[in-house]
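Here is the structure we will look at.
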Amino acid sequence: MRLTDFWQRMDAVFGAGYAPSIATDQVLTTLGGKTVREALDSGVETVTVWRAVCAAYPDRVPTTLR
């Protein structure tokens, strides 16, 4: 998954105003206790980070974006 696709999905799920907050503030245990931004900055593949977001917010992410 390209990084631009990742951010488009984040915006689609959380909204353009809230997605950056989720990415910066929410620590995900499936990412080793990192935030989305920390994981991406440390080289974790975008698809892995996206799957972690899907797991953390199963009721928010529609099936079509999983």
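The first residue of the sequence shown is numbered 1, and numbering continues consecutively from there.
- Counting heavy atoms from C-beta outward, E38 and D41 have side chains that stay 4.5 Å or more apart.
- In this structure, CG on L40 lies 8.5 Å from OG1 on T35, to the nearest 0.5 angstrom.
- Every residue two or more places apart in sequence or in another chain that forms a side-chain contact (heavy atoms from CB on, under 4.5 Å) with A23 is listed here: W7, M10, V36, R37.
- Contact of the D11 side chain with the Y18 side chain is not registered, since no non-hydrogen atoms from C-beta on lie closer than 4.5 Å.
- V27 and F14 fall into different hydrophobic clusters, defined by Ile, Leu, Val, Met, Phe, Trp and Tyr side-chain heavy atoms under 4.5 Å apart, directly or through other members.
- Rounded to the nearest 0.5 Å, atoms CZ (R9) and OG1 (T4) are 10.5 Å apart.
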Name every donor-acceptor pair, under 3.5 Å, that has one atom in a side chain of residues 43-51 and the other anywhere in the protein, sequence neighbours excluded.
| from | atom 1 | to | atom 2 | distance (Å) |
| --- | --- | --- | --- | --- |
| T46 | OG1 | M1 | O | 2.4 |
| W50 | NE1 | L65 | O | 2.9 |

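- Here the side chain of T24 pairs no donor or acceptor atom with the backbone of S21 at under 3.5 angstrom.
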